[in-house]
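Single-structure report; data block below.
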Amino acid sequence: MSGLVVRNVSKAFGAFEALTGVSIEISSGHLACLLGPSGCGKTTLLRIVAGLDEPSNGAVYLDGQKLSGVPAHRREFGMVFQSLALFPHLSVAENIAYPLAIRGASRKTRASRVREMLELVRLQGLGKRRIHQLSGGQRQRVAIARGLALKPRLFLLDEPLSALDAKLREHMQVELRQLQQRLGITTILVTHDQREAMTLADHVIVMDNGKALQSGPPLEIYRHPVNSFVAEFIGRTNLIPCRRRGDRLIVLGSEVHAGSVADQTTVGQQETVLSVRPEHVRLCAADKGVLTGAITFVRDLGSEIEVSIAVGDIEILSSMPASSFGGSGVGDRVGVAIEFSQCNLLSRDQR
Amino acid sequence: MTSAERVGSSILTAAIPAAMLICFFVLPFSIMVAVSFFERVQGAFFEPAFVLSNYERFLSPFFGSVLATSLLLAAGASVVSVAVAYPFAWMLVQFRRRGQTLILVFVLAVLSLSEVIIGFAWSSLLSRTAGIGNLLAFAGLVDAPRSYTPGLAALMLGLCYLGLPYAVLVIYPALSRLDPAIPEAARMLGASPLRAFLGTVVPLSRNTISGALILVFVFSLGAYLLPQLLGRPQHWTLSVHITDQAIFQSNLPFAAAMAVLFLMISLLLVGVSMLLGRQRS
Ligand SMILES: Nc1ncnc2c1ncn2[C@@H]1O[C@H](COP(=O)(O)OP(=O)(O)OP(=O)(O)O)[C@@H](O)[C@H]1O
Ligand SMILES: [Mg+2]
């Protein structure tokens with residue numbers, strides 16, 4: 001297949017397994033996000049793809065070519081490090097021209113390429129500056145420009161936006177996405193921010209504990225998470241323990257007909273978890289819902305309202321547009337209606 | 001605390017180092033400068049006077065060549081020490097933490113050995129009867145063991161052995177503070193590992209390198225036992241002659257004059273090299 005294939009890659013540091021049998025596929029020209037909590041092995045996987053570390057097992061292929069044994073400096077990949085790793089002893093222009101200088105490009109080629117790249121990341125006229133004379137966002141762009149200067153076969157970014165403030169980050173996300181689509185370069189972006197992944201990615205790979213749990217288009221993962229960890233990590237969700245009895249479900253003591261729930265659990269499993277997104281929980285009159293509870297908190301965000309309801313000993317979060325909120329207050333008893341067709345039955349997380 | 005008390009205590013905190021500086025540095029140095037102008041009395045010690053003869057005596061071809069030898073030896077030792085210490089420190093940084101500490105402890109243990117012990121150890125190691133010459137002969141690399149000391153090579157070896165831990169001590173922290181992603185970034189951009197090292201790590205630690213060079217240089221200038229233990233008389237440095245004049249010839253004024261001149265010349269050299277370093281960066 002054309003694109004990147006990681007096949008069954010494992011990596012051990014001494015006795016510690018940082019990656020266990022990770023397999024992923026990314027189509028050529030796509031942007032994939034590696035998403036997972038801190039320490040789950042994202043950087044380790046990225047470094048193996050880059051050729052900076054060798055896998056203990058498995059291999060990486062690009063456009064059908066096996067990359068084992070190809071050293072990092074021959075792979076022609078662009079990479080933006082978490083720390084950016086710009087060269088402080090060189091100017092912005094010299095940083096961007098570094099890969100060309102290594103390959104002995106003439107002064108003229110370098111100058112024109114630098115101009116082109118600076119224009120691409122909208123830093124015209126800053127070529128003579130030193131790195132320490134730039135703002136955080138400008139440094140980010142220099143790092144991106146340097147990584148793209150040679151039109152890499154694969155572009156790798158390790159949490160490139162994590163150091164920026166929220167507003168600049170959203171702005172850079174959009175810019176990065178537009179840039180990547182314009183150039184059509186296959187890209188892997190590491191992040192632990194699920195919003196960032198949803199904004200940017202064609203393809204999301206959720207990792208935990210050194211394993212790739214699920215990979216696919218972001219909406220697909222959002223709608224059909226394979227287990228409760230993924231459901232919680234991608235977006236917010238209510239995880240409600242329940243039992244299965246025939247084609248009916250016992251949710252918190254109420255028996256409901258739930259034939260349309262997407263079922264991701266192993267057949268025969270009785271103890272399961274129902275994942276309900278807050279936007280699929282509605283409030284109604286106390287005697288109308290499948291469950292009843294008391295409101296414990298109302299968060300009015302202006303355009304949207306979030307309501308927490310205590311049902312039995314668990315807390316259910318509901319979110320709705322401000323216009324459809326009935327005006328109940330803390331302490332009121334309300335009914336809870338759930339759109340079961342949008343929910344997922346998941347196996348209990350064994351972690 | 002009232003503001004008067006605060007001023008009082010800040011004066012006190014400034015006063016202690018100042019007093020120590022005056023007591024242990026300014027005062028002895030002033031005495032030495034004064035003595036350098038005194039007149040030597042044959043058969044006695046010296047008496048106060050103001051004569052320039054001590055300085056005049058230094059301006060001879062003999063002491064000129066001694067000075068040149070001292071400076072060249074120190075410069076050579078500092079260049080070799082840093083040339084060895086730099087790659088050594090870099091490899092050390094690539095090790096695991098625990099390994100690093102262990103090796104550092106070994107290297108720094110050399111610092112606890114005095115110049116005397118190091119000098120005698122090397123002079124027996126390089127000797128004909130007990131030295132590594134025997135090992136080489138045993139391994140069949142040379143026909144018969146011979147002595148490698150005294151000589152220029154033996155002296156340089158000793159000086160570098162002495163200077164190396166200091167160079168490592170200066171270089172290691174700077175290299176371990178360097179972001180390891182920087183040379184990796186260079187590799188991702190197409191530079192071979194060696195080229196990435198020379199293109200990023202070396203230029204980024206230029207100030208550290210010149211600092212280590214200066215430190216080992218100044219330190220080697222002060223060596224006065226090694227030249228006598230491992231070198232021939234023509235390798236005797238100014239420090240040796242100063243010791244000789246002060247202790248064995250009892251000519252303290254001349255020794256003081258040489259010491260003052262030596263200090264001035266060293267300071268001048270260090271100052272000039274620092275100035276050059278500053279201008280380039
Ligand atoms: N060189 C190493 N030696 C030993 N353990 C390592 C090494 N590098 C990484 N690890 C371990 O491997 C695991 C995965 O590390 P990795 O850096 O890939 O995490 P990550 O997903 O990038 O986390 P973060 O989001 O915090 O950057 C961690 O538990 C880490 O302690
Ligand atoms: Mg990481």
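Residue with the most contacts toward chain B among Gly51(A), Ser83(A), Pro71(A): Ser83(A) (heavy-atom pairs, distance under 4.5 Å).
Checked by atom type and distance alone, the side chain of Gln138(A) never pairs as donor or acceptor with a backbone atom of Leu123(A) at under 3.5 Å. Here the side chain of Ser70(B) pairs a donor or acceptor atom with the backbone of Val66(B) at under 3.5 angstrom.
In this structure, chain B has a heavy atom under 4.5 Å from the backbone of Leu86(A), while its side chain stays farther away. Both the backbone and the side chain of Phe77(A) come within less than 4.5 Å of a heavy atom of chain B. In this structure, no portion of Ala143(A) lies under 4.5 Å from any heavy atom of chain B.
Looking only at side-chain heavy atoms (C-beta outward), Met117(A) and Arg146(A) stay at 4.5 Å or farther from each other.
Partners of Tyr172(B) under the ring pair (Phe, Tyr, Trp, His ring centres under 6.0 Å) rule, at least two apart in sequence or in another chain, do not exist in this structure.
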